[in-house]
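Just follow the structure's listing: the first ligand is 1, and inside any ligand the first atom is 1. When a residue number appears, it is its place in the shown sequence, counting from 1.
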Amino acid sequence: MKPRILVGREVFPEVLARLGEHFEVDDNQVDVILGVEGLKARLADKAGALTAATDPVTAAVIAAAPKLKAVCNFAVGYNNIDLAACTSAGVMATNTPGVLDDTTADLAWALLMATARRLPAAERWLRNGEWKGWQFIQWLGTDVHHATLGILGMGRIGQALARRALGFDMKVVYHNRTRLPDDDEAACRARWVEKDALLRESDFLVLLLPYSPATHHTIGVAELALMKPTAHLINVARGGIVDDEALISALRQRRLCGAGLDVFEGEPKFNPGFLELDNVALTPHIGSSSHATRMAMAMRAADNLIAALAGRRPPDLLNPEVLK
Ligand code: DGY
């Protein structure tokens, strides 16, 4: 008999077909948010789960799933999974690193350009029929070329972003707990600086940190106060890394020039204050959302689950302690 698994959110039919070769699949193609109670009910008899960032794999969910051997996120972020609870229950957990770096860096770049050149507000103005004639002094934006790009969290996506900046002749500074090896710094012409220097020097500050209690409100009132009033903040990482209330206040008072945001505290709900601002570009958590990349993420998660339930080490194992 094939092991039973749950797929937490709607995925492509090709992914279900692949999983179906190995497992008896309980899918969620109607795409309801299962939440803690839904996951507890649906995982009670499952050996594995393919989960999205919206599936809260909490300690209570793990405790309600006595047969569970592996939870494979189709996301690179895994703050939806209680890793410690997985480890103590002997449940393998995996994510999907590597396959979404360029797509996410592209979206960060799109938001950076959009906020720099005020694209959302200018388009709204045009659509509203307010364009009565070309003017020399109209919709003035911020130059991206030759500006300073700051990157907070310099993993694979940060480095992909830094490489994009080379074509715009930008100066690139970054802050990370660990400095990149010299060769990697040279490849993207990036210089490590202290966090305060990053905040002070950046014309465009892009956040690419993982979310955890330790990174909650990494950017708040004090950090925003260090930034230039001409600077722009871009967040394609996770809601909660920025104190959204503090950001709205800085943008409203023009203590910060603009922001490009793909993620929000408490999403899909978000602070309605953002909607009153004309100096923000807002997208609904679509950093990795190209067809090819979302397919690659789901297939990578499927590979992890297939390996885990066949007794092999999954390629993207987050808690190797469970194998000891
Ligand atoms: C990720 O992979 O972490 C993206 O944010 C999608 O959830």
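- Scanning for side chain to side chain donor-acceptor pair (under 3.5 Å) contacts around Thr87 gives Asn319, with sequence neighbours left out.
- The aromatic ring centres of His291 and Phe12 sit less than 6.0 Å apart.
- Hydrophobic cluster membership for Ile33: none, as no Ile, Leu, Val, Met, Phe, Trp or Tyr side chain comes under 4.5 Å of it.
- The minimum heavy-atom distance between Gln159 and Asp184, with the atom names listed, is OE1-CB, 4.0 Å.
- Every residue was checked against the side chain to side chain donor-acceptor pair (under 3.5 Å) condition with Thr58, not counting sequence neighbours, and none meets it.
- Looking at Thr215, its side chain does come within 3.5 Å of a backbone N or O of Pro210 through a donor-acceptor pair.
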Run through all N or O atoms in ligand 1 and write down each protein N or O closer than 3.5 Å, as a pair with its distance.
| from | atom 1 | to | atom 2 | distance (Å) |
| --- | --- | --- | --- | --- |
| ligand 1 | 2 (O) | Val76 | N | 2.7 |
| ligand 1 | 3 (O) | Val76 | N | 3.4 |
| ligand 1 | 3 (O) | Gly77 | N | 2.9 |
| ligand 1 | 3 (O) | Arg238 | NH1 | 3.4 |
| ligand 1 | 3 (O) | Arg238 | NH2 | 2.8 |
| ligand 1 | 5 (O) | Arg238 | NH1 | 2.7 |
| ligand 1 | 5 (O) | His285 | NE2 | 2.7 |

